[in-house]
Peer 1: 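Supplied in structure tokens, the structure appears directly below.
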Amino acid sequence: MLELHYIRANKERVLQGLKTRNFTEEELGIIEQIIQLDDTRKDTQTELDSLLAERNQLSKEIGSLFKQGKKEEAESQRERVASLKARASELEEKLRSTQESLAEQLYKVPNIPHESVPAGSTEEDNEVFRPWPGELPKLPEGALPHWELAQKYNIFDLDLGTKITGSGFPLYRGKGARLQRALIAFFLDEAVKAGYEEIIPPLLVNEDTARATGQLPDKEGQMYYVERDNLYLIPTAEVPLTNIYRDVILDEKDFPIKLTGYTPCFRREAGSYGAHVRGLNRVHQFDKVEIVQFQHPDKSYDTLHEMLAHVEGVLQKLELPFRILRLCGGDLGFTSALTFDFEVYSAAQHRWLEVSSVSNFETYQSNRMKLRFRDGKSTRLAHTLNGSALALARIVAALLENNQTPEGIVIPKALQDYTGFGLLD
RNA sequence: GGUGACGUGGGUGAGUGGCUGAAACCACCGGUUUGCUAAACCGGCAUACUCUGAAAGGGGUAUCGCGGGUUCGAAUCCCGCCGUCACCGCCA
């Protein structure tokens, strides 16, 4: 969430940012509300603190009066304390409820978009930050979409997944399974080569963790939830990886911290059905290698571009046509300040498929997480960033479609060491 | 799942009702000394909120796993929860 002192000191900038996110005049009122609640909070706290200070002082006096045997004086002081206490508990209650509504309001305010974020309301308005420089691949007549290639080569099976679990849970088999494993290993190796530490995190997380990265309270419906144990299945490795540093105070010299992790990702995707979600285009479970960085605020945008370059490099090695979008205010994630999406071209579907999303959250997550670093005598919030490098299911879809030949599916050179075969047939 | 013990600052660990935001030691930082390193000595060393101040700083409140209770006063007593460890049971 946004820092209160930031909102107070940069009200105009905050309002401007929310406008980029298409907040209406009425919705913008939340900022004034928050400031007023914070005023109340401060006043209440100040009053309560001085009351408690008085009580502590009296208590000390009572102690020494008892020691001196001045019982009567002590008794009268005790009565004074009793009246203080009544007022104090009123104030405590007021403070508690004020803080509660303050937090509730703050949770409703998304991150302030970076100044480069274009205006716009839908994905149509996203800016093509880097178009694909070459020609888009053209497949001969009769080229198959990936779900038909899957049947032809028996590499994954959605019906079996449906039988075992439900729709949207693909089952990979044979060379298809091997291709998954190859891609995961390839992506992890690339990240490790780029200096990221490999992590295997838990796949279920608790409430505190889900709240810290911003999945709760607003994206509750996106996650699978294990009620009995009050745990959530992760929608992305970002959640456990980022939370490693929850409630941590770093040294400036610790930056940058670079983590990578492969995990399956679970998403309910409630309400999205139709032609565009066929095959592997949108599934409830998919594999992904994530990269995460923690960085000094002054350097986080350099880091964002470094991460972009990493993802670019990986896609180039896979020899897939891709473009980079800068998300507009309306499409930008709730917690992000700036996001670039990578899309690969799926030649049989004639569509761009999103395969990576690289974002700078600035202090939005770290404020929820209390992730700080020492800056001289005081502490400051660190910046958090993450990106997919990469999400498997759609990469597989594009790979299958774009590389189909009459003989089989050609595996890009960079992957062949991992698959152990050059042609999937 | 059962039973028992325990949960104090970066670490070890003292502290069973007021003088304890918390001894001591280690680590760390600054300084003195030093041919270099080491040692020795001196000093510093939690976080959040808040008031005050131009600032440096100063004052206050809260925090000894978390939440509640008793009390004029709680790290210390009571209750609940969570976690750790040990043993038993079960088990990849």
Side-chain angles (χ1 to χ4, degrees), chain A residues 1-9 34-106 200-212 216 226-232 240 243-255 257 264 294 363-382:
Chain A
M1 64 185 103
L2 294 180
E3 294 172 84
L4 264 170
H5 71 82
Y6 182 85
I7 296 179
R8 300 189 79 108
I34 284 172
I35 290 173
Q36 277 172 21
L37 276 169
D38 191 42
D39 285 340
T40 306
R41 192 208 103 237
K42 280 190 184 191
D43 292 346
T44 311
Q45 179 126 72
T46 305
E47 198 183 340
L48 177 63
D49 281 357
S50 63
L51 220 63
L52 291 176
E54 197 181 335
R55 184 205 65 182
N56 289 344
Q57 183 54 37
L58 282 174
S59 289
K60 265 183 201 162
E61 286 170 19
I62 291 170
S64 65
L65 285 174
F66 267 124
K67 236 172 239 175
Q68 294 164 37
K70 297 181 182 167
K71 250 189 134 181
E72 274 148 48
E73 281 179 55
E75 286 302 331
S76 79
Q77 297 285 61
R78 250 162 50 168
E79 278 163 37
R80 280 180 65 194
V81 173
S83 72
L84 286 180
K85 273 173 81 172
R87 178 77 185 129
S89 65
E90 272 172 42
L91 285 171
E92 267 166 16
E93 174 51 30
K94 186 176 172 192
L95 184 63
R96 200 195 52 75
S97 71
T98 307
Q99 274 171 332
E100 199 173 282
S101 20
L102 190 56
E104 200 178 298
Q105 295 302 87
L106 273 174
I200 300 181
L203 306 181
L204 283 96
V205 296
N206 61 33
E207 232 180 295
D208 287 346
T209 295
R211 191 182 313 280
L216 294 179
V226 183
E227 190 170 9
R228 186 168 176 174
D229 298 291
N230 196 17
L231 296 172
Y232 296 85
N243 270 277
I244 293 173
Y245 287 93
R246 173 152 51 88
D247 280 317
V248 168
I249 301 177
L250 297 164
D251 266 333
E252 213 173 313
K253 62 177 191 297
D254 295 332
F255 292 128
I257 294 174
F294 304 90
T363 59
Y364 198 89
Q365 291 183 328
S366 57
N367 190 32
R368 286 197 184 182
M369 277 199 290
K370 301 282 166 276
L371 163 55
R372 291 156 290 172
F373 68 97
R374 284 186 199 290
D375 185 36
K377 277 200 160 182
S378 63
T379 64
R380 271 175 82 186
L381 294 172

Peer 1: Going by salt bridge (Lys or Arg N to Asp or Glu O under 4.0 Å), name the residues that satisfy it together with A/Asp247, two or more places apart in sequence or in a different chain.
Peer 2: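 With neighbours one apart ignored, the set is empty.
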
Peer 1: Mind checking the C1' distance from B/rG7 to B/rC81? Whole angstroms is fine.
Peer 2: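 These two C1' atoms come out 14 Å apart once rounded.
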
Peer 1: Name the pairing partner of B/rA54, where a pair is Watson-Crick or G-U wobble with both distances under 3.5 Å, or state none.
Peer 2: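 Here B/rA54 is not engaged in any pair, so there is no nucleotide opposite it.
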
Peer 1: Using the salt bridge (Lys or Arg N to Asp or Glu O under 4.0 Å) criterion, which residues pair with A/Asp208? Sequence neighbours excluded.
Peer 2: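 Checked A/Asp208 against salt bridge (Lys or Arg N to Asp or Glu O under 4.0 Å); zero matches.
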
Peer 1: Identify, with sequence neighbours excluded, every residue that meets ring pair (Phe, Tyr, Trp, His ring centres under 6.0 Å) alongside A/Tyr364.
Peer 2: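 None.
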
Peer 1: Quickly work out the A/Met369 CE to B/rA48 P distance and round it to whole Å.
Peer 2: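 These atoms are roughly 16 Å apart.
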
Peer 1: I need the CD-P distance between A/Glu252 and B/rC28, as an integer number of Å.
Peer 2: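 A/Glu252 atom CD is separated from B/rC28 atom P by 20 Å.
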
Peer 1: Give a yes or no answer on whether the side chain of A/Thr44 reaches the backbone of A/Leu91 with a donor-acceptor pair at less than 3.5 Å.
Peer 2: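 Such a contact is absent between A/Thr44 side chain and A/Leu91 backbone.
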
Peer 1: If we call it a pair only when both distances are under 3.5 Å in a Watson-Crick or G-U wobble match, what pairs with B/rC82?
Peer 2: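 Base partner found: B/rG7.
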
Peer 1: Please state the C1' separation for the pair B/rU47 and B/rC64 - nearest whole angstrom.
Peer 2: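 The same atom, C1', in both gives a distance of 13 Å.
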
Peer 1: What is the per-nucleotide protein-contact pattern of nucleotides 65-73 of chain B, from the 5' end, where B denotes a base atom under 4.0 Å from a protein heavy atom, S denotes such proximity for sugar-phosphate atoms only, and - denotes neither?
Peer 2: -------BS

Peer 1: By side chain to side chain contact (heavy atoms under 4.5 Å, CB included), which residues pair with A/Arg374, not counting sequence neighbours?
Peer 2: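 Only A/Ile249, A/Asp251, A/Thr379 meet the side chain to side chain contact (heavy atoms under 4.5 Å, CB included) criterion with A/Arg374.
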
Peer 1: How would you list, by chain and number, every residue that makes a ring pair (Phe, Tyr, Trp, His ring centres under 6.0 Å) with A/Phe373, sequence neighbours excluded?
Peer 2: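 Ring pair (Phe, Tyr, Trp, His ring centres under 6.0 Å) list for A/Phe373, sorted by chain: A/Phe255, A/His296.
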
Peer 1: Can you tell me the pairing partner of B/rA23 across any strand shown, Watson-Crick or G-U wobble, with both distances under 3.5 angstrom?
Peer 2: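 Checking every strand shown, B/rA23 finds no partner, since no pair has both distances under 3.5 Å.
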
Peer 1: Name all pairs fulfilling the salt bridge (charged side-chain N to carboxylate O under 4.0 Å, His left out) condition that reach into residues 50-65 of chain A, sequence neighbours left out, sorted by first residue then second.
Peer 2: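 Qualifying pairs, neighbours excluded: A/Glu54-A/Arg80.
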
Peer 1: Give the rounded distance in Å between these two atoms: CG of A/Asp208 and C1' of B/rC82.
Peer 2: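 Distance, rounded to whole Å: 11 Å.
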
Peer 1: Give a yes/no answer on whether the side chain of A/Arg374 brings an N or O atom under 4.0 Å of OP1 or OP2 in B/rU47.
Peer 2: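 Looking at the OP1 and OP2 atoms of B/rU47, one of them is under 4.0 Å from a side-chain N or O of A/Arg374.
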
Peer 1: Going by the salt bridge (charged side-chain N to carboxylate O under 4.0 Å, His left out) test, which pairs reach into residues 82-99 of chain A, not counting sequence neighbours?
Peer 2: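 Non-adjacent pairs meeting salt bridge (charged side-chain N to carboxylate O under 4.0 Å, His left out): A/Glu47-A/Arg87, A/Arg87-A/Glu90, A/Glu93-A/Arg96, A/Arg96-A/Glu100.
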
Peer 1: Any strand counts, and the cut-off is 3.5 Å on both contacts for Watson-Crick or G-U wobble. Which nucleotide pairs with B/rC28?
Peer 2: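 Answer to the pairing question: B/rG44, which forms a Watson-Crick or G-U pair with B/rC28.
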
Peer 1: Does B/rA39 have a Watson-Crick or wobble partner in any strand here, with both distances under 3.5 angstrom, and which is it?
Peer 2: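 None - no nucleotide pairs with B/rA39, as no candidate has both distances under 3.5 Å.
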
Peer 1: Check RNA chain B against residues 41-54 of chain A and give the residues with a non-hydrogen atom under 4.0 Å, in numerical order.
Peer 2: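 Contacting residues: A/Arg41, A/Lys42, A/Gln45, A/Thr46, A/Asp49, A/Leu52, A/Ala53.
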
Peer 1: Measure CG/A/Leu102 against P/B/rC49 and give the value in whole Å, please.
Peer 2: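 It is 13 Å, rounded to the nearest whole Å.
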
Peer 1: Using the test side chain to side chain contact (heavy atoms under 4.5 Å, CB included), find all partners of A/Leu216 that sit at least two apart in sequence or belong to another chain.
Peer 2: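 By the side chain to side chain contact (heavy atoms under 4.5 Å, CB included) rule, A/Leu216 matches A/Glu207, A/Ala210, A/Arg211, A/Glu220, A/Met223, A/Tyr232.
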
Peer 1: Applying a 3.5 Å limit to both distances, which nucleotide forms a Watson-Crick or G-U wobble pair with B/rA14?
Peer 2: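 Partner of B/rA14: none found under 3.5 Å.
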
Peer 1: Expressed in whole Å, how much space separates the P atoms belonging to B/rG44 and B/rC26?
Peer 2: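 The same atom, P, in both gives a distance of 16 Å.
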
Peer 1: Who passes side chain to side chain donor-acceptor pair (under 3.5 Å) against A/Thr209, sequence neighbours left out?
Peer 2: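 If we apply the side chain to side chain donor-acceptor pair (under 3.5 Å) test to A/Thr209, skipping adjacent residues, the hits are A/Asn206, A/Arg246.
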
Peer 1: Provide the Watson-Crick or G-U wobble partner of B/rC87, both distances under 3.5 Å; none if there is no partner.
Peer 2: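 B/rG2 is the nucleotide pairing with B/rC87.
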
Peer 1: For nucleotides 54-59 of chain B, which of its nitrogen or oxygen atoms have a protein nitrogen or oxygen under 3.5 Å away, and what is each distance?
Peer 2:
unit_1, atom_1, unit_2, atom_2, d
B/rG57, OP1, A/Lys377, NZ, 3.1

Peer 1: Looking only at atom C1', what distance separates B/rU70 and B/rU76, rounded to whole Å?
Peer 2: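 Here B/rU70 and B/rU76 have their C1' atoms 13 Å from each other.
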
